[in-house]
There are 2 protein chains.
Amino acid sequence: MLTTHRKQLILDTLKRDGQVIAKTMSQQFGLSEDTIRRDLRELAEQGLLQRVHGGALPASPSVVDLAGRKLLATDAKTAIAKAAATLIQPKQIIILDGGTTTQELVKHLPLDFELTVVTHSPTIAVALIDHRNIDVIMLGGKLFKHSMVNIGAAAMEAISHIRADIYFMGVTGIHAELGLSTGDLEEAHIKRALCAAAAETIVMASADKINAASRYVIGPTSDVSTLVTEASVDESILKSFESLGVSVMNAK
Amino acid sequence: MLTTHRKQLILDTLKRDGQVIAKTMSQQFGLSEDTIRRDLRELAEQGLLQRVHGGALPASPSVVDLAGRKLLATDAKTAIAKAAATLIQPKQIIILDGGTTTQELVKHLPLDFELTVVTHSPTIAVALIDHRNIDVIMLGGKLFKHSMVNIGAAAMEAISHIRADIYFMGVTGIHAELGLSTGDLEEAHIKRALCAAAAETIVMASADKINAASRYVIGPTSDVSTLVTEASVDESILKSFESLGVSVMNAK
DNA sequence: CTTGACTGTGCATGATATTGCACGATAGGC
DNA sequence: GCCTATCGTGCAATATCATGCACAGTCAAG
């Protein structure tokens, strides 16, 4: 048996069962555990799986995923969301991204505010339950649970029928030269499309997102009409955004 | 068993029951309480749970609870949902309506169940957050807050691209002669379309829905393959359903 | 055909992780 | 305040791991 073939079988087993146990594999192939361990080590180096004591798990660790799901908004996020909420006029049509900051924004809208909200996040839709005068338009698609937003072709198609006043975008990074970025390719596509579907785009970003860049680019920073951020951000950096045509709003 | 896997199961139990008891877990895994305690300690260090005397509690209030608590389910509904859950096979594609009963059904699916769920209800989508092996496809549309489901032309269009194994339908009334009915015209349209998009339709209905009729008709009762209901319903009425080709399942 | 470099494998060895038990400390019920 | 269940820590036994090395098979150059 080719080692490449064996490694493929290990990956297949991992995909099927969600885990691989070194001992079981060694028995199955009739080889020593050492050999399997070597395979696992090599596959781990290639990032194809995650090594644990006794065997291996899929590369994207679900435990980390659970750990990363912090729904707690910081004070800064609350302040930013509150400031951003003042930019909304009654009866407008606005697009809301998923994410904790937009979630906070919803909390700062009066319960009888008149508005139409377009969103691809079921979490946002649920958060708007009690706002009796807000019409919610949901964009469908495949739910990307990491960010709790719908993505994929169906989402893109749905966006193409939308024309909104404001798009409130959440980003992983906003950089004067490198532009807007996020951690997932599909999400980047969706955000780009939403940006195009709205007359203006407002980015809400806490200090750690400013002049940071992530893996996938959404578009140039000049696409943004207003950036809402914290007061603690360096003046000169904000100036560089303003020179790109972005009006900066400081939440205190 | 991998220790990582065991920890995952502990977290699953915690999510499902809202608490974990060290003694119970040790018996379940056939390990000493010391080992469980060690696991709990480590998980607590990662902030994934909160350690208490005798076991552990969730670290932060669950999103599922926040969304689900508002709608309280009766004992009958719980029993019906539990029975209905047994009709689902792994790796199937199922359509879930909105409503309290389907919400209950979600709670009875194991957290590692493999499934594709199509839904037009953001509430259901949010409830499926922790089911790591369930792919969620959301159908967009205009959110009808009364039932928390997406309706309208966009929803209809999205449905036309779907082909599922089972559709779990919630109804306001199921009547031997008057058929299936619901309180909103748009919803009736959607339900009709979803019914056509699935190989079989399962209706979950508590006693008060049986032989009741509402304003808008979804379709004939013969469209239903299985009716899941309570034991308290009159035998002769259930017989009348069976003569229409509906197989009746009694949740006790 | 022979030789030597290379690869895949299994085994030995010391290192590390996991587990169960013992024992004293602590918490919670009454 | 007492009693019991639970807890944390240290320790020993076992399982699993990484590393180095030996051996067999492959392949290509000489």
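Order of the sequence lines sets the chain letters (A, B, ...), proteins ahead of strands, with each chain counted from 1.
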Nearest-Å distance for atom pair [atom1]/[atom2], residues [X] and [N]:
X	N	atom1	atom2	answer
A:Leu40	C:dT9	CG	P	13 Å
A:Lys23	C:dT18	NZ	C1'	13 Å
A:Arg41	C:dG8	CZ	C1'	14 Å
B:Gln27	C:dG20	CD	P	14 Å
B:Ile36	C:dT18	CD1	P	14 Å
A:Arg37	C:dA12	CZ	C1'	13 Å
B:Arg6	C:dA17	CZ	C1'	12 Å
A:Leu31	C:dC11	CG	P	11 Å

Taking the side chain as every heavy atom from C-beta outward, state whether [X] and [Y] have any atom pair closer than 4.5 Å.
X	Y	answer
A:Tyr216	A:Glu187	no
A:Ile10	A:Phe29	yes
A:Ile134	B:Lys145	yes

Donor-acceptor pair present, A:Arg38 side chain and C:dG10 base, under 3.5 Å: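 Result: at least one qualifying N/O pair found.
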Closest nucleotide of DNA chain C for B:Asp34 versus for B:Glu42: which of these residues is on the 5' side?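 First, find each residue's nearest nucleotide; the 5'-ward one identifies B:Glu42.
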With distance as the sole test, does B:Ser225 use its side chain to make a donor-acceptor pair with the main-chain N or O of B:Thr201 at under 3.5 Å?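 Yes, the answer is positive, given that a donor and an acceptor are paired below the 3.5 Å cut-off.
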Mark yes or no for whether A:Thr102, through its side chain, and A:Leu96, through its backbone, hold a donor-acceptor pair below 3.5 Å.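 Side chain of A:Thr102 to backbone of A:Leu96: no pair is present.
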Just how far is it from atom NZ of A:Lys191 to atom NE2 of A:His120, taken to the nearest 0.5 Å?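 So the NZ of A:Lys191 and the NE2 of A:His120 are separated by 6.0 Å.
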Taking CD in A:Gln46 as the centre, count heavy atoms belonging to other residues, nucleotides or ligands within less than 6.0 Å. Is the count above 12?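 More than 12 heavy atoms, drawn from other residues, nucleotides or ligands, come within 6.0 Å of this atom.
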Quick check on C:dT9: is either OP1 or OP2 less than 4.0 Å from any side-chain nitrogen or oxygen of A:Ser32?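 Checking C:dT9 against A:Ser32, no side-chain N or O comes under 4.0 Å of OP1 or OP2.
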Can you tell me if A:Thr35 touches the phosphate of C:dT9, counting only side-chain N or O atoms and a distance under 4.0 Å to OP1 or OP2?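 For C:dT9, neither OP1 nor OP2 has a side-chain N or O of A:Thr35 closer than 4.0 Å.
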Can you give me the first and the last nucleotide of DNA chain D (5' to 3') that has an atom within less than 4.0 angstrom of a non-hydrogen atom in chain B?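 The contacted stretch runs from D:dT6 to D:dT9.
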